[in-house]
Student: 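This is the structure, below, for whatever I ask next.
Because the structure is predicted, anything quoted here is derived from the model rather than measured.
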Protein chains: 2
Amino acid sequence: MSDITIVDIAKQAGVSIKTVSRVINREEGVGPATRARVEDLIEKLGYRPNVSARSLSSRRSYLIGVVFMRVGAYHYVGEVQVGAMRACRRAGYHMVIEQVDDPGQARGPGLEQALKAGRFDGLVLTPPVCDDPEILAIIEAQGLSYVRVAPDRDFGRSPYVFMDDQQAAHDMTARLWDLGHRRIGFIDGPADHGSARRRREGYMTAMAERGARVRPEWIAPGDFMPLSGLEAGDQLLGLPEPPTAIFAANDSMAMGVLSAASKRGLSVPGDLSVVGFDDGPLAESSWPGLTTVHQPIAEMAEAATEMLIEGFGDPRFRSRTAARQLDYHIVERGSSTSR
Amino acid sequence: MSDITIVDIAKQAGVSIKTVSRVINREEGVGPATRARVEDLIEKLGYRPNVSARSLSSRRSYLIGVVFMRVGAYHYVGEVQVGAMRACRRAGYHMVIEQVDDPGQARGPGLEQALKAGRFDGLVLTPPVCDDPEILAIIEAQGLSYVRVAPDRDFGRSPYVFMDDQQAAHDMTARLWDLGHRRIGFIDGPADHGSARRRREGYMTAMAERGARVRPEWIAPGDFMPLSGLEAGDQLLGLPEPPTAIFAANDSMAMGVLSAASKRGLSVPGDLSVVGFDDGPLAESSWPGLTTVHQPIAEMAEAATEMLIEGFGDPRFRSRTAARQLDYHIVERGSSTSR
DNA sequence: AACGGCATAGACAACGTTGTCGTATCGTGG
DNA sequence: CCACGATACGACAACGTTGTCTATGCCGTT
């Protein structure tokens, strides 16, 4: 156990504990010589301030909560954690993760209690938690700062980080077009899902810009799960004039399309190009590898955490509707090729 | 912000703060009437003890660190977190996650600093961190309690939780045998990976018990990645007398085998049965669904966290070589059938 | 009646840091 | 040479809890 305290450092340096405190916190009012002496001692003894004492006194916990819901892909949450962790480390914060299993649980012993315990200097919220009005209300009632990652609405409610799903889908569609594909199918996501909607619109816009008439039967419904991709793919490939390329609104459904193709004995990308959206682990591990849009999830979480930390001390933080946009990019793998 | 403190409760209840403290901590020495009155008041005012003050005074942080390395599957880490979170919630602990990106980083600003800050009542270590001697040394130097999940060696070094990989692989092999398969291929994992070795041994034992001679070419090398599964599958299916069933040492490689089969125009499970190990998200999302061994990852992490929390206060905790074994089960999906 | 023991409760000092305010010391301008 | 402001530092009281020690009341026993 790290038994040395600020008092030990102060004694050995021949200064008061307050001076040591000043050095630790990079406050001014310490002469260069004194500062150096104290810093050396801290280094030498391997002293680390006790975080509990620190937060008790300063009313800051140096703790950031990352709130998420366990839906579908572990991948998303995992990437968020990686990014948030990077930012936390840099700023000397720790990261506590808080899981909300279902909206009802928010008021149970879970989230609310955790928030009330007086921890957390701020929160990073990920979808779909960041769009849950009940949870937002609880958080705001506690007076906590928070930043949202890829929120779907209430953009003015807090700072947030996002990427342009629509433009990304547009680019991907344009890419297929440039490869010579003209009959391009699209597999939609859940109806109430904002990202899914934006992706569909990107597809539609790109097609329209190129003077292509999107036939209604080219757009098949899906729910982001692989099985729905299989069914939708089956449906599209069963058309009298089937598409030569299929753009699924996420990777999982694209995987389903690969299965559908294999069921019909079609080779990918020879007979059919398939592209997805997300660049999750599935995209790499499928065969052939999936051409898809890379979402910078870790980077978005990192940026969000950064914004949060920078905003501490600013009382008007919550109303500052800062937003940061990050870039996607298209990852070319084996599942798409020119016609 | 939760501005009410133990003092407010004490005043309103007409008792001393110490008595309130006793109620909170379920200590004895409080009369039933007093206890009830205090409890009501706590409930009514929504009071939650300030964790910083608590840990400063009690030298307990009510914080548990989950240490992991970001390798391969998000799924594993995700499940670990789910399980550990359950145990933490029950016991009123919070969960801080600490990522070790590579062994070298352990001594960098990352893990060691985090540990020194005097946080963490204990740690839960997951593979492969739990087998890293350097990291274990750092942790032990801090005098921290820890429990390992599925360690691969040094079993006497700390309490741990595990499942019987060998028996599971044995059962799975027996199952294929009972379905009528006689030529059963096996795709191995990385050479230095303990679980992989145990799974192979389970397969070998089961075959041997049934009097089957395992031809060397039935065992193909792999590295737990899907591509290696594809190659190994290709190799096995290219044999003059190809196996009728392939058992891959993990799900990712089993996915590769599915691709290999589809490349050769073989239908699964009609022409070939394929089974895996892990029951990760791939197993559900593949087509056909993968028959596989379900590893109770979340449950193992939960048990480990429980052991950790129960062990607090026991100074000889680390040397208590308690171990808890959890059960696997086989999940039947569409990728295997009788011959 | 006196006493010991138990159940219940409170007073007070930690815990290790930061915030507030006070005080030397020093250089500088008048 | 003095007044004065800046600079560098320290004393001391928070912060909200728990740990330790002590006090009170009540019961049963002798």
Side-chain angles (χ1 to χ4, degrees), chain A residues 1-39 41-42 45-63 92 94 116-119 121 312-313, chain B residues 1-39 41-42 45-63 92-94 116-121 312-313:
Chain A
M1 222 68 71
S2 195
D3 280 317
I4 56 171
T5 73
I6 200 173
V7 180
D8 301 314
I9 304 290
K11 271 204 190 111
Q12 296 211 34
V15 298
S16 76
I17 56 170
K18 182 63 221 195
T19 298
V20 179
S21 170
R22 275 190 265 258
V23 171
I24 296 166
N25 296 291
R26 293 178 174 66
E27 291 170 26
E28 45 187 22
V30 182
T34 314
R35 185 178 295 270
R37 188 153 35 98
V38 171
E39 274 169 351
L41 225 39
I42 288 178
L45 301 183
Y47 162 73
R48 303 285 163 202
N50 177 308
V51 195
S52 300
R54 230 179 165 180
S55 36
L56 178 59
S57 187
S58 66
R59 281 130 179 292
R60 275 193 171 205
S61 67
Y62 298 91
L63 240 40
H94 286 256
K116 271 213 176 146
R119 294 188 104 112
D121 290 343
F312 292 149
Chain B
M1 222 68 69
S2 195
D3 279 318
I4 55 172
T5 74
I6 200 173
V7 180
D8 302 315
I9 304 289
K11 272 205 189 110
Q12 295 210 34
V15 298
S16 75
I17 57 170
K18 182 66 223 193
T19 299
V20 179
S21 170
R22 275 189 264 260
V23 172
I24 296 166
N25 296 291
R26 290 176 176 68
E27 292 170 26
E28 43 188 25
V30 181
T34 313
R35 184 178 295 271
R37 188 152 35 96
V38 171
E39 274 169 351
L41 225 38
I42 288 177
L45 300 183
Y47 162 74
R48 304 286 163 202
N50 176 308
V51 195
S52 300
R54 233 179 162 178
S55 36
L56 178 60
S57 186
S58 66
R59 280 127 179 294
R60 276 192 169 205
S61 66
Y62 298 91
L63 240 38
Y93 279 73
H94 286 256
K116 270 212 177 147
R119 298 189 101 112
F120 299 132
D121 290 343
F312 293 149

Student: In whole angstrom, give the distance that lies between atom CD1 of Ile4(B) and atom P of dC15(D).
Tutor: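 After rounding, the reported distance stands at 16 Å.
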Student: Measure from the side-chain heavy atoms of Ser21(A) and tell me the nearest of dG10(D), dT17(C), dT18(C).
Tutor: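 Comparing dG10(D), dT17(C), dT18(C) against the side chain of Ser21(A), the answer is dT18(C).
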Student: Five pairs at each end of the helix from dA1(C)-dT30(D) to dG30(C)-dC1(D): take the axis at both ends and give me the angle between them to 10°.
Tutor: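 About 50°, once rounded to a multiple of 10°.
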Student: Without swapping roles, check the side chain of Asp121(B) against the backbone of Ser61(B) for a donor-acceptor pair under 3.5 Å.
Tutor: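 It does hold such a pair.
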Student: Does Arg59(B) make a side-chain N or O approach to OP1 or OP2 of dG16(C) shorter than 4.0 Å?
Tutor: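 So the side-chain polar atoms of Arg59(B) do come within 4.0 Å of the phosphate oxygens OP1 or OP2 of dG16(C), strictly under.
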Student: Between Asn50(A) and Arg59(B), is there a side-chain donor-acceptor contact under 3.5 Å, judged purely by atom types and distance?
Tutor: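 Side chains of Arg59(B) and Asn50(A): no pair found under 3.5 Å.
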Student: Do the side-chain N or O atoms of Asn25(B) get closer than 4.0 angstrom to the phosphate oxygens (OP1, OP2) of dT18(D)?
Tutor: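 Answer yes for this pair, as a side-chain N or O of Asn25(B) is under 4.0 Å from OP1 or OP2.
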Student: What is the distance, to the nearest angstrom, from the CD1 atom on Ile24(A) to the P atom on dT17(C)?
Tutor: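 About 7 Å, once rounded to whole Å.
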Student: If you pin Glu28(B) and Tyr62(A) to their nearest nucleotides in DNA chain C, which one's is more 5'?
Tutor: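 Looking at DNA chain C, the more 5' nearest nucleotide goes with Glu28(B).
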Student: Indicate yes or no for a side-chain donor-acceptor contact from Ser55(A) to the backbone of Ser52(A) under 3.5 Å, with no hydrogens or angles considered.
Tutor: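 Flag set: sc Ser55(A) to bb Ser52(A) pair under 3.5 Å.
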Student: Could you check whether any side-chain heavy atom of Leu45(A) comes within less than 4.5 Å of a side-chain heavy atom of Gln12(A), counting everything from C-beta outward?
Tutor: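 When only atoms from C-beta onward are counted, Gln12(A) and Leu45(A) do touch, with a gap below 4.5 Å.
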Student: Of all the nucleotides listed (dG10(C), dT17(C), dG16(D)), which has the minimum atom distance to the side chain of Lys18(B)?
Tutor: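 Closest nucleotide among those given: dG10(C).
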Student: Examine dT18(C): is either OP1 or OP2 under 4.0 Å from a nitrogen or oxygen in the side chain of Ser58(A)? Give yes or no.
Tutor: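 No, outside the criterion.
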Student: Report the nucleotide, chosen from dG10(C), dG19(C), dT17(D), that has the shortest atom-to-atom distance to any side-chain atom of Glu27(A).
Tutor: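 Shortest atom-to-atom distance from the side chain points to dG19(C).
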Student: Contact class for Ser55(B) vs. all strands (heavy atom < 4.0 Å): base, sugar-phosphate, or nothing?
Tutor: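 It contacts nothing in the nucleic acid.
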Student: Val51(B) and Tyr62(B): which non-hydrogen atoms are nearest, and at how many Å?
Tutor: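 Result for this residue pair: CG1-CB, 4.4 Å.
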Student: So, is Ser16(A) near the phosphate of dG10(D), with a side-chain N or O under 4.0 Å from OP1 or OP2?
Tutor: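 Yes, Ser16(A) has a side-chain N/O under 4.0 Å of OP1/OP2 on dG10(D).
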Student: Please classify the nucleic acid contact of Ile17(B) as base, sugar-phosphate, or nothing, using heavy-atom distances under 4.0 Å.
Tutor: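 The residue Ile17(B) makes base contact.
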Student: Can you tell me the distance, in whole Å, between the CD1 atom of Ile42(A) and the P atom of dT17(C)?
Tutor: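 Whole-Å distance recorded here is 10 Å.
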Student: Can you tell me which nucleotide in dG19(C), dT17(C), dT17(D) comes closest to the side chain of Ile6(B)?
Tutor: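 From the listed options, dT17(D) comes nearest.
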Student: Does a nitrogen or oxygen in the side chain of Tyr47(A) sit under 4.0 Å from OP1 or OP2 of dT17(C)?
Tutor: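 Indeed, a polar side-chain atom of Tyr47(A) lies that close.
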Student: On a plain distance test, is the side chain of Arg22(A) in donor-acceptor contact with the base of dG19(C) below 3.5 Å?
Tutor: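 Flag unset: no donor-acceptor pair detected.
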Student: Checking the side chain of Asp8(A) only, and the main-chain atoms of Thr5(A) only, is there a donor and an acceptor separated by less than 3.5 Å?
Tutor: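 Flag set: sc Asp8(A) to bb Thr5(A) pair under 3.5 Å.
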Student: Do Thr19(B) side-chain atoms and Val15(B) backbone N/O form a donor-acceptor pair below 3.5 Å?
Tutor: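 Looks like no, no N/O pair under 3.5 Å.
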Student: Starting at atom CG of Leu56(A), determine the distance to atom C1' of dC15(D), rounded to an integer number of angstrom.
Tutor: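 Distance check: Leu56(A) CG to dC15(D) C1' gives 4 Å.
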Student: Give a yes/no on whether any side-chain N or O of Thr19(B) is located under 4.0 angstrom from OP1 or OP2 of dG10(C).
Tutor: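 Yes, Thr19(B) has a side-chain N/O under 4.0 Å of OP1/OP2 on dG10(C).
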